[in-house]
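To keep things clear, I will list the structure first and then write my remarks on it.
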Amino acid sequence: MSPKSTFSSKFGRLIIVFAVLFASRSMASGNDNSLTFVDVHAGKVYTQVGTGQFAAIDAETGSVLWSFQDKHLLVFTKAVFGSDALFVAATGINSTAELIRLDLATGKVGWRTPIEGLGGNASPVLCAGEVLESDYWHKTVAAFNVFTGEKAWTTESQPFLFLFPPAVLDDRALFLVADKRAPEGMQGLVSLSCGDGRPDKPLPVQVEGVSRTPVLLYNESVAVLSGYDMSRGTSLAAMKIIDGTQLWSALIPDEITRFTPAIQNNLLVGGATSLWVVNLDTGKVVLREALQKPTVPVAADNGLAFFSRGGHTIEARELPSGKLRWSVELKGRISSNIAVTGNHVYVKTGEAQLASLSITGEVRGYFQIAAPSGSIPASR
């Protein structure tokens with residue numbers, strides 16, 4: 001059965017349509033104005049530095065510490081970090097895709113394994129010694145052992161369609177699912193064991209449309225579910241994980257979960273054509289800031305929301321008041337998410353330039369981050 005024939009309902013047709021749109025928005029195409037991802041971990045910045053190239057960069061000096069590259073790969077997702085390794089997925093030529101483990105200190109390949117259906121919000125998820133990745137078209141999930149890369153389990157035999165990514169709580173992953181027999185009318189929140197892939201009985205929910213961030217975790221006890229419908233916007237619903245009691249629901253006339261929203265204290269910060277801030281205790285919108293052009297993925301830290309305006313400018317606004325703290329126009333078009341760590345802000349401008357700012361808005365410098373000649377070659 002083809003992917004399209006699997007989804008015959010309205011819900012399924014939305015998945016097919018948005019899969020194409022979301023994949024193009026979430027993964028860069030290799031040109032200077034496309035969107036790639038920046039991650040900051042333990043004093044290093046990790047990002048794509050060219051087609052098929054992924055690097056670790058010293059956050060203070062901008063020096064490229066190591067670079068992994070493979071001419072058969074194209075675009076990398078956001079990375080997820082373990083104690084001594086990172087995990088990242090990448091598209092390849094001829095519609096192939098891989099999941100890769102890289103050593104944090106050296107960038108050497110621990111393992112790499114082929115995966116199917118990479119698309120949407122496809123960054124890997126770590127849970128209980130397994131790396132979770134999705135087949136976006138068939139709405140299944142597979143788990144790979146963090147040390148060996150061997151497939152531990154898959155949801156192919158489950159009666160559900162799994163929307164990725166999940167929220168992780170201890171050794172379980174919380175998925176928004178739909179019944180394969182009636183995907184439009186029978187949805188649920190499923191707690192799935194990351195150890196063996198076995199799901200608990202789903203808690204019934206109803207969310208309109210399809211979201212690229214279907215489940216967020218708040219205070220380790222509340223799941224915030226989202227769905228996006230082109231004609232209505234983003235529907236949000238908060239429910240208790242323990243029994244499914246709905247706490248509130250809200251409708252936002254914008255696609256605020258195109259990229260994973262940030263959570264700062266009791267506030268959800270997301271954006272597309274506007275910056276939106278939602279109180280997670282009540283579901284009430286406490287701030288909306290209209291934008292002339294869609295923002296790159298936002299960040300929130302130190303009581304501030306960070307977003308882009310007009311393609312070249314980063315703004316920081318106080319939460320929840322929205323008071324402008326600072327605005328900085330950068331040299332070059334912003335081409336990544338905004339990453340904030342401690343007192344520093346990082347964002348790419350173009351394909352191979354990293355801008356470093358202080359949390360107070362001063363530009364610390366621009367680093368050229370093209371891969372050095374001593375880059376680590378691919379190990380296949």
Side-chain angles (χ1 to χ4, degrees), residues 1-29 34-37 73-80 87-100 112-127 130-144 151 153-168 173-180 183-184 187 190 192 197 199 207 209-216 225-230 234 255 257-260 297:
M1 181 177 291
S2 69
K4 289 188 178 181
S5 63
T6 304
F7 310 110
S8 58
S9 67
K10 175 183 176 183
F11 182 88
R13 289 195 296 271
L14 283 171
I15 291 176
I16 294 298
V17 172
F18 286 124
V20 178
L21 296 177
F22 291 158
S24 66
R25 288 172 175 170
S26 64
M27 305 187 73
S29 60
S34 59
L35 180 67
T36 54
F37 295 103
L73 298 178
L74 300 174
V75 181
F76 295 88
T77 66
K78 281 179 64 66
V80 62
F87 304 88
V88 66
T91 59
I93 58 177
N94 300 322
S95 300
T96 59
E98 295 188 23
L99 182 62
I100 306 166
R112 50 196 300 184
T113 187
I115 55 177
E116 300 291 334
L118 186 66
N121 197 348
S123 301
V125 173
L126 274 181
C127 181
E130 308 290 348
V131 188
L132 309 185
E133 190 55 275
S134 71
D135 181 330
Y136 192 76
W137 294 101
H138 291 93
K139 292 293 175 284
T140 59
V141 177
F144 301 85
K151 185 181 291 187
W153 52 261
T154 178
T155 63
E156 289 178 359
S157 63
Q158 298 290 340
F160 308 116
L161 308 174
F162 288 79
L163 301 188
F164 200 84
V168 173
L174 304 175
F175 283 94
L176 182 62
V177 300
D179 192 299
K180 286 180 178 178
E184 183 178 3
Q187 301 176 44
V190 162
L192 182 144
V207 179
V210 181
S211 169
R212 288 185 60 250
T213 312
V215 186
L216 290 169
L225 311 178
S226 69
Y228 173 69
D229 180 271
M230 190 175 294
T234 302
E255 189 184 355
T257 55
R258 176 186 302 177
F259 302 104
T260 304

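Between the OG1 atom of Thr154 and the CZ atom of Phe144 there is a distance of 8.0 Å, given to the nearest 0.5 Å. Annotation: the span from Phe164 atom CZ to Thr155 atom OG1 amounts to 10.5 Å, rounded to 0.5 Å. One distance of note links CH2 of Trp137 with OG of Ser134; it measures 12.0 Å at 0.5 Å rounding. Atom CD1 of Ile100 and atom CZ of Phe87 lie 12.0 Å apart (nearest 0.5 Å). Remark: Phe259 CZ to Leu35 CG distance equals 5.0 Å, nearest 0.5 Å. In this structure, CD1 in Ile115 is found 14.5 Å from OH in Tyr136, a value given to the nearest 0.5 Å.
Heavy-atom minimum distance, Ala143 versus Glu130: CB-CB, 4.0 Å. Between Thr234 and Glu255, the closest heavy-atom pair is OG1-CA, 3.5 Å. Looking at every heavy atom in both residues, Phe175 comes nearest to Leu163 through CD2-O, 3.5 Å. When all heavy atoms of Phe37 and Phe76 are compared, the closest pair comes out as CD1-O, 4.2 Å. Residues Pro165 and Pro214 share a closest heavy-atom pair of O-CG, 3.6 Å. A pairwise comparison of heavy atoms in Ala122 and Glu133 identifies O-OE2, 2.8 Å as the closest pair.
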(request) Please report the C-alpha distance between Leu216 and Thr260 in whole Å, then the side-chain angles of each, then the deciding distance to 0.1 Å, and finally whether the side-chain contact (heavy atoms from CB on, under 4.5 Å) criterion is met. (result) CA-CA 9 Å; Leu216 290 169; Thr260 304; 4.2 Å; yes
(request) Check step by step if side-chain contact (heavy atoms from CB on, under 4.5 Å) holds for Arg112 and Leu73. (result) CA-CA 12 Å; Arg112 50 196 300 184; Leu73 298 178; 3.7 Å; yes
(request) Step by step, work out the side-chain contact (heavy atoms from CB on, under 4.5 Å) result for Leu192 and Trp153. (result) CA-CA 12 Å; Leu192 182 144; Trp153 52 261; 3.3 Å; yes
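With hydrogens and angles ignored, the 3.5 Å screen pairs a side-chain donor or acceptor of Thr77 with a backbone N or O of Ala89. Under the 3.5 Å distance criterion, the side-chain polar atoms of Lys78 are left unmatched by any main-chain donor or acceptor of Asn121. A distance-only check finds a donor-acceptor pair linking the side chain of Thr91 to the backbone of Val75 [under 3.5 Å]. With Thr257 contributing its side chain and Thr213 its backbone, the two residues share no donor-acceptor pair below 3.5 Å. Between the side chain of Glu156 and the backbone N or O of Thr140, no donor-acceptor pair lies under 3.5 Å.
If you run side chain to side chain contact (heavy atoms under 4.5 Å, CB included) between Val125 and each of Val131, Val80, Leu132, only Leu132 comes through.
Under a cut-off of 6.0 angstrom, the local environment of CD in Glu116 is sparse, with at most 12 non-hydrogen atoms contributed by other residues, nucleotides or ligands.
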